[in-house]
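So the structure is just underneath, and the comments pick up after that.
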There are 2 protein chains.
Amino acid sequence: MITQKMKYALKALLTLADEAANGRPEPLTIEEIAKRSGTPKRFLEHILLEVRNAGVIASTRGRAGGYSLIKKPTDISISELLRAIDGPIAPLPCLSRRAYQRCEDCTDEATCRIRKVFAEVFWSYLLIIDSLTLEDMLRSGEAQQQVLGEKG
Amino acid sequence: MITQKMKYALKALLTLADEAANGRPEPLTIEEIAKRSGTPKRFLEHILLEVRNAGVIASTRGRAGGYSLIKKPTDISISELLRAIDGPIAPLPCLSRRAYQRCEDCTDEATCRIRKVFAEVFWSYLLIIDSLTLEDMLRSGEAQQQVLGEKG
DNA sequence: ACAAAGTCGAGAATCAATGTCGACATTTAT
DNA sequence: ATAAATGTCGACATTGATTCTCGACTTTGT
């Protein structure tokens, strides 16, 4: 299960992408994003900071400030966002490349059958999800997308 | 990430399968399984009950009692075990068949772009993991499997 | 009867998820 | 210069899940 936080992050990005698609270059305020995406404002603050740290959006401070996309939707990877918001994707800590962690009680990774079989599943899974971008989400709603339909 | 509980369940099943492969029909006691798989005994009690409720193993009570496999490894689905031990596999509650739950704040599932895109990922993922059985784990350790290598 | 086993509900300890809050920093308009 | 509108940040609260442990009970073979 992806977390609520991740859903909020995606909804925020969709809101920003929709705005950009309508040709508006001005940043959206946290409040506006919260309103349109149905996200608790004070929680969204923290989420947007994390998304910004992931390099996907930029913030402008002060009056007329807010957030805006700084990448094309085709260059915004869903799996990267998942890693940034929810943490490692791997089914086992010993299978994560960036967040590798030896299993506490493991004596030999090379012969661990649990690891071996989940490694294969994981590779196939990565092929699917690593190719997914925000653009795929934008296109998937064509002809009837509406942000309100994503309040959950 | 799969839970520690799931890892313990898999290690217990591997222990039982290895024993059966060696042609021993007697059930293994919780204590013996715990020892061989490196699982806390009192925790394992609860785990084995859940695995039993999933229909994969059977228990014998009283003296000389214990647990034994009641299915062939080829018929023991890893994804079913995951669902029994860790709960729904779906990335969103609204995508789970058996544990379907409407997202709290969702106004229209049909137009939700988050749902739509994760549904596609999920279907592909299911194809991979639904075909996986305990037998795949047994075979994956051929020529050098050892339970000790799976203490984590 | 006794001992060796599984069964079951309660609960402790820790950690993650989901927020809220107050104080502060930055920028722009007037 | 000041005020107002904004983002930033750390601390905290609440709730639920995870990972166990424990004690009491039940079942069965000898």
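This structure is a prediction, so every number in the text was calculated from the model and none was measured. Each chain gets a letter, A, B and so on, in the order the sequences are listed, and its residues count up from 1.
More than 12 heavy atoms of other residues, nucleotides or ligands shown are found within 6.0 angstrom of CD on Glu50(A). Residue-environment remark: CZ (Arg102(A)) exceeds the threshold of 12 foreign heavy atoms within 6.0 Å.
Using a cutoff of 4.0 Å between basic side-chain nitrogens and carboxylate oxygens, Asp105(A) and Lys7(B) are not scored as salt-bridged. Salt-bridge annotation for Lys11(A) and Asp18(A): absent, with no side-chain N of the basic residue lying under 4.0 Å from a carboxylate O of the acidic one. Under 4.0 Å is where a charged nitrogen must lie from a carboxylate oxygen, and between Arg115(B) and Asp108(B) no such pair does.
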*asked:* Go through it in stages, so that I can follow the logic: the residues are Leu69(B) and Ile76(B), the test is side-chain contact (heavy atoms from CB on, under 4.5 Å), and I'd like the CA-CA distance, side-chain angles, deciding distance and then a yes or no.
replied: CA-CA 10 Å; Leu69(B) 281 187; Ile76(B) 298 177; 3.8 Å; yes
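Whole-Å rounding puts the Tyr8(B) OH to dT21(D) C1' distance at 13 Å. A straight line from CG of Asp105(A) to P of dT19(D) spans 12 Å, rounded to a whole angstrom. Distance, Arg42(A) CZ to dT6(D) C1': 12 Å, rounded to whole Å. Between the P atom of dA17(D) and the CD1 atom of Ile47(B) lies a distance of 18 Å, rounded to the nearest Å. Spacing between atom CD of Glu104(A) and atom C1' of dC20(D) amounts to 14 Å, rounded to whole angstrom units. For the pair Leu28(A) CG and dT6(D) P, the interatomic distance rounds to 12 Å; values are reported in whole Å. Remark: C1' of dA17(D) and CD of Gln4(B) are 15 Å apart, rounded to the nearest angstrom.
Bracketed by its first and final contacts, the part of DNA chain C lying under 4.0 Å from non-hydrogen atoms of chain A reaches from dT18(C) to dA29(C) in 5' to 3' order.
Within 4.0 Å (heavy atoms only), Glu45(B) reaches at least one base atom of the nucleic acid. Within 4.0 Å (heavy atoms only), Gly65(B) reaches sugar-phosphate atoms of the nucleic acid but no base atom. Nucleic acid contact class of Leu49(B) (heavy atoms, under 4.0 Å, all strands): sugar-phosphate only.
Tracing side-chain contacts under 4.5 Å through hydrophobic residues (I, L, V, M, F, W, Y), one reaches Ile78(B) starting from Leu126(B); they form part of the same cluster.
Scanning atom types as modelled, no donor and acceptor separated by under 3.5 angstrom connect the side chain of Arg63(A) and the base of dT6(D). One cannot find a donor-acceptor pair under 3.5 Å joining the base of dT19(D) and the side-chain atoms of His46(B).
The nearest heavy atom of DNA chain C to Phe43(A) and to Ile30(B) marks one nucleotide each, and the one closer to the 5' end goes with Ile30(B).
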